[in-house]
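To find a chain, count down the sequence lines: A is the first, B the second, and so on, and within it residues start at 1.
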There are 2 protein chains.
Amino acid sequence: MSIVDPALAKTGTLADQAYEALASSIISGELPPGMRMLEVELAERFGMSRGPLREAMRRLEERRLVERISQRGVRVVRLTGPKLRGIYQVRESLEGMACRLAAQNMTDTELAELRQMLEAHEAYVRDSDDYSQNRRDWDFHDRIARGSKNEMIVSLLCDDLYQLLKLYRNQHKSKPGRARRALQEHWRIFGALEDRDGELAEMLMRRHIGAALTVFEPDWACDEDEGTVPTDLVPGGLQART
Amino acid sequence: MSIVDPALAKTGTLADQAYEALASSIISGELPPGMRMLEVELAERFGMSRGPLREAMRRLEERRLVERISQRGVRVVRLTGPKLRGIYQVRESLEGMACRLAAQNMTDTELAELRQMLEAHEAYVRDSDDYSQNRRDWDFHDRIARGSKNEMIVSLLCDDLYQLLKLYRNQHKSKPGRARRALQEHWRIFGALEDRDGELAEMLMRRHIGAALTVFEPDWACDEDEGTVPTDLVPGGLQART
DNA sequence: AACATCAATAATGTTGACATTAATACGCGA
DNA sequence: TCGCGTATTAATGTCAACATTATTGATGTT
């Protein structure tokens, strides 16, 4: 998928389109971490002026997908080990609360759908070891976030945190083998939700997320070097220009 | 303080200045909830063009101080009872985690300063019953948030949540009488931090915040009407124009 | 008098040019 | 050859005008 995809991005303002396109390019890794994002370059590529593009950049900045260096432009965020740990601390607390609330606010229908989802995952995990941090895994967490019926929690988790974590996941290989275990934890969380036991649900979710962090821990020894000079990539570096 | 204050707002880009000015005007209540914010009007008042102003509006929107209605402009946020409750749920989880982390990450110096602060508060509360949701109260919570040493938590709490809560506080009278009790809870939290007992610190903070919410509960009976037509105030409605 | 249609108005969305500031390249001297 | 100051380039910051869309008001009909 090229950075400018005519299939998507027909709706909303140009700023919205630019945000969507840039966000997904960053998450997919098409725009690698540390890459300089030039307004003129990107505006030309999207066929829009710099105005809407700047608004999109602001939004990317607020959602932590890019970092702005005062008057010296904007770069794709670099997630180092300590930063990821910080994100996981936020996730643990927010998603714990989401789970507690979901236990009291999810409808019986939503719970039934969630059970169906987990049964499908069950079938999937029989064949594959790739589950943790997978699309299916995210689906589960997404349902629970929305089940909290708390708008702010939903937007913080789905619009901000999950994007950042998917971005990290696409950059770093996670060690496999947790598929079976992760699914089992999902089932236990589901059980607590079904029992409407918010306190237990929160506790289980927090432990589940804590365990998920360990999937990445191995490659931190070589990753922590934040002191190195940022590589000065430029947008044109990937695609051929006309 | 007028909405355009030449004393402040000399630093940074025009968009930054506009954001700061608008944010503080919204929080102080100078721009009342539900008020329509017209780009042309505000741009003229700040003496800038609509470009930077629109970027400031985006930021206000991301931080939930204003609400955008697709192509029909932007209004100052209206905090209804259920929304406030949602915010408090987020606050409880995030600030609980912040407190847990602060217990392990605050330096001894920071703890000593915190104790000094509480002693000053102690003297203050002897004369006044206004403490909860007060500047001093916020100072305490601010210190703990920063004590977590978690950048994301700091920005979520200090840049987003606290602003919203101050805004609400300025609109609704809170029932007094919790000053003594709130300060006592602060001391207990401090004790847990000093003991480096993160688990206890988190628990105490969560209960402290849960109790703080009850300060507002009384006026929810008449406040919940979200169905009413939004009042169509216009920026010029407050100040005289030249 | 009530309602629908259409023109006039006013707002947001977008653009290209200009201003300012940071990065780069060049040339000069030690 | 290295370092420093300056000229040049290239980026971000800002502006005023234009385009598009929503709202308002007028007008005419039933």
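Note on A:G51: a base of the nucleic acid sits closer than 4.0 angstrom, heavy atoms only.
When the C1' atom of D:dA16 is taken as reference, atom CE of B:M48 falls 15 Å away, rounded to whole Å. Separating the CD atom of B:E55 from the P atom of C:dT14 is a distance of 14 Å, rounded to the nearest angstrom. Counting to the nearest Å, the P atom of D:dT12 and the CZ atom of A:R58 are 13 Å from each other. For A:F46 and C:dT14, the CZ to C1' distance is 16 Å, given to the nearest whole Å. Across the protein-nucleic acid pair, A:Q17 atom CD and C:dG13 atom C1' stand 12 Å apart, rounded to whole Å. The CG-C1' distance, from A:L42 to D:dT12, rounds to 13 Å in whole Å. Rounded to whole Å, the distance from CD on B:E41 to P on C:dT12 is 10 Å. As a whole-Å value, the separation of B:E44 CD from C:dA11 P is 11 Å.
Comparing B:S49 and A:G73 against DNA chain D, the residue whose closest nucleotide sits nearer the 5' end is A:G73.
By the neighbour-count criterion of 12 heavy atoms within 6.0 Å, atom CD of B:E151 is sparsely surrounded, having that number or fewer from other residues, nucleotides or ligands.
With no hydrogens or angles considered, no side-chain donor-acceptor pair links B:S93 and A:R100 at under 3.5 Å.
Dashed line: the shortest gap from a side-chain N or O of A:R50 to OP1 or OP2 of C:dT15 is not under 4.0 Å.
Side-chain proximity of A:R36 to the nucleotides D:dG13, D:dT12, C:dT12 is greatest for D:dT12. The side chain of B:R72 has D:dA22 as its nearest neighbour among C:dG13, C:dG16, D:dA22. Checking D:dC15, D:dT12, C:dT15 against the side-chain heavy atoms of A:P52 singles out C:dT15 as nearest. Closest approach to the B:L14 side chain among C:dT14, D:dT14, C:dG13 is made by D:dT14 (side chain taken as heavy atoms from C-beta onward). Distance from the side chain of B:E39 is smallest to C:dG13 among C:dG13, C:dT15, D:dA16. For B:R54, counting side-chain heavy atoms from C-beta on, the closest listed nucleotide (D:dA11, C:dT15, C:dT12) is C:dT12. In this structure, the nucleotide among C:dT12, C:dG16, D:dT14 sitting nearest to the side chain of B:L38 is C:dT12.
With respect to the salt-bridge test (charged N to carboxylate O, under 4.0 angstrom), the residues B:K166 and B:D142 do not qualify.
Here the side chain of B:N105 pairs a donor or acceptor atom with the backbone of B:S148 at under 3.5 angstrom. A donor-acceptor pair is defined here as one N or O able to donate and one able to accept, closer than 3.5 Å; no such pair exists between the side chain of B:R63 and the backbone of B:D160.
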